[in-house]
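For ligands, and for the atoms within them, numbers begin at 1 and follow the listed sequence.
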Amino acid sequence: MFYINENFLNLQESYLFSTIAKKVSDYQEKNPNKKVIKLGIGDVTKPIVPAVLKAMHEAVDEIGTEKGFKGYGPEQGYDFLRKIIATNDYKDLNISEDEIFVSDGAKCDCGNIVDIFDTNSKIAITDPVYPVYLDTNVMAGRSGNFNEEKGIYENIVYLPVSSENNFVPELPKEKVDVIYLCFPNNPTGTVLKKEELKKFVDYAKENKAIILFDAAYEAFITEKDIPHSIYEIEGAKEVAIEFRSFSKTAGFTGVRCAFAVVPKTLFGYTKLGEKVSLNKLWNRRTTTKFNGVSYVVQRAAEATYSDEGKKQIKENIKYYLDNAKIIRDGLQSAGFTVYGGVNSPYIWLKVPDGMKSWEFFDKLLSKANVVGTPGSGFGPHGEGYFRLTAFGTKENSIEAIERIKGEMI
Ligand code: MLT
């Protein structure tokens, strides 16, 4: 008899963004003449910038030559990319290239990292949260059963974030082993100050816990004193893995490139209390299960650090942040209470009183033909909220706001 991994049956029926995509395509099928504006999944719309494109073209030509052809590359990424990441993103933070693991996405890294943790690890997530952190732990059997009434898994520690605590999670009240933090936050678009993040680093040190810090949106930080990397906090190199991505920064959602930073000063423990290097474990896992990101894509990622590349990418980020402002200001002037959108491409709004997040989703789709993401899809404390992304075009961002003003208030 072939048995399945029954943990999968413990998942909610479908991945949040797949559910939304299905609802939208059903709607479009029934209403082919409606122009639907999609501000749901955080997918970028600006094309790859010229400096990056040029590097890609050159790399394509190079692998077409006898001399330049590349077969399997190093699983952890080519040295040229690991080096440029270390010297640019971690300048002054003392991260070396062998602490950087290039991958095909932060989503994959966040999902795969759980391979190296004990099945009984106690997991803490913020609520609402990017669903990948939770679902991958459900798949791995760490979640316990789903409590339908409360909308939570019994073995997961939820750290609520809402307007009531200014979107700053409290430290776990019980001892946990793994804490997922994403800042600038997906989905709320809010940030943590250094002193707030430091509390988590101190907690992790005291409790021999690990922080998985998702910094996929750091390039959108506009305000001073907001940490771009967790390693800006003293002691974080002993307790944190950081994930970054070229997806939102350089428009690589389709090209695929990201990286994880696993410091050599970071250790886990065996049941006998022996220290084990997580850098070594992750390296072992990576070399076994992954054959690396393609050479062409890594050359493209490298070009994001060239002077021209940086300049062009900065313009794109500004474009999305301008959209965020259009959406944020527009919603505020329409009377909505709005969060995020200043250091982040996500705008988190409160749905009108008495409405549920999915009701707002349905109404927004059918009346205004605008797609967003219901807050409750990110966790029970997301109920009553709704997320819009600034990754659309400027024209669509403006039109979406006009339609919301016309149809939703
Ligand atoms: C989102 O919309 O939350 C993100 O685009 C999902 C992702 O990065 O995988």
Side-chain angles (χ1 to χ4, degrees), residues 11-12 14-24 36-46 103-114 125-137 139 161 167 180-191 212-220 242-260 293 301 316-317 320-321 323-324 327 339-341 343-349 357-358 361 364-365 370-379 381-382 385-393 396-397 400:
L11 289 164
Q12 301 307 291
S14 126
Y15 181 59
L16 174 63
F17 294 107
S18 313
T19 308
I20 292 172
K22 170 89 178 59
K23 274 184 174 259
V24 175
V36 174
I37 297 178
K38 294 183 185 169
L39 303 181
I41 192 164
D43 198 1
V44 291
T45 47
K46 286 262 187 234
S103 77
D104 58 346
K107 176 181 181 177
C108 320
D109 283 342
C110 290
N112 291 331
I113 198 78
V114 299
I125 54 168
T126 55
D127 169 22
V129 78
Y130 177 43
V132 173
Y133 314 149
L134 177 62
D135 285 4
T136 52
N137 279 292
M139 291 172 183
V161 282
F167 299 95
Y180 286 85
L181 294 177
C182 171
F183 288 98
N185 186 253
N186 179 14
T188 65
T190 55
V191 285
L212 301 179
F213 191 74
D214 185 348
Y217 300 94
E218 65 77 31
F220 294 84
E242 179 163 295
F243 303 101
R244 290 220 191 165
S245 170
F246 295 93
S247 283
K248 316 294 157 98
T249 314
F252 275 34
T253 50
V255 173
R256 309 304 310 148
C257 197
F259 59 91
V293 175
N316 281 1
I317 288 173
Y320 294 131
L321 283 169
N323 285 349
I327 297 171
Y339 306 93
N343 295 296
S344 157
Y346 295 126
I347 296 97
W348 189 243
L349 61 120
S357 300
W358 275 108
F361 173 91
L364 192 65
L365 178 58
V370 173
V371 182
T373 311
S376 56
F378 297 102
H381 279 84
Y385 291 92
F386 199 80
R387 194 192 79 175
L388 291 174
T389 128
F391 285 126
T393 61
N396 278 349
S397 304

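The shortest contact between atom 8 (O) of ligand 1 and any protein heavy atom is with K248 NZ, 2.9 Å.
Here F378 has no heavy atoms under 4.0 Å from ligand 1, in either its backbone or its side chain. At a heavy-atom distance under 4.0 Å, atoms from both the backbone and the side chain of I41 approach ligand 1.
Taken to the nearest 0.5 Å, the CG atom of L349 stands 10.0 Å off from the OH atom of Y339.
Within the 3.5 Å criterion, the main-chain N or O of H381 finds a donor-acceptor partner in the side chain of D127. Without hydrogens or angle criteria, N323 side chain to A390 main chain gives a donor-acceptor distance under 3.5 Å. With hydrogens and angles disregarded, a donor-acceptor distance shorter than 3.5 Å links the side chain of S357 to the backbone of Y385. With hydrogens and angles ignored, the 3.5 Å screen pairs a side-chain donor or acceptor of K248 with a backbone N or O of G42. At least one donor-acceptor pair under 3.5 Å links the side chain of R256 to the backbone N or O of D104.
Shown in contact with G42 at under 4.0 Å from a heavy atom are these atoms of ligand 1, numbered in order with element: 1 (C), 2 (O), 5 (O). For ligand 1, the atoms closer than 4.0 angstrom to any heavy atom of N186 are 1 (C), 3 (O). Every atom of ligand 1 is numbered from 1 in the order shown, and the set under 4.0 Å from a heavy atom of F17 is 1 (C), 2 (O), 3 (O). Ligand 1 places these atoms under 4.0 Å from at least one heavy atom of Y346: 1 (C), 2 (O), 3 (O), 4 (C), 5 (O). Counting the atoms of ligand 1 from 1 in the order shown, those under 4.0 Å from a heavy atom of Y130 are 6 (C), 7 (C), 8 (O), 9 (O).
Checking only distances, Y15 never comes within under 3.5 Å of ligand 1, N or O to N or O. For K107, no nitrogen or oxygen atom sits less than 3.5 Å from a nitrogen or oxygen atom of ligand 1, counting backbone and side chain alike.
Taking the six-membered ring wherever Trp is involved, the centroid distance between the rings of F259 and F252 does not fall below 6.0 Å.
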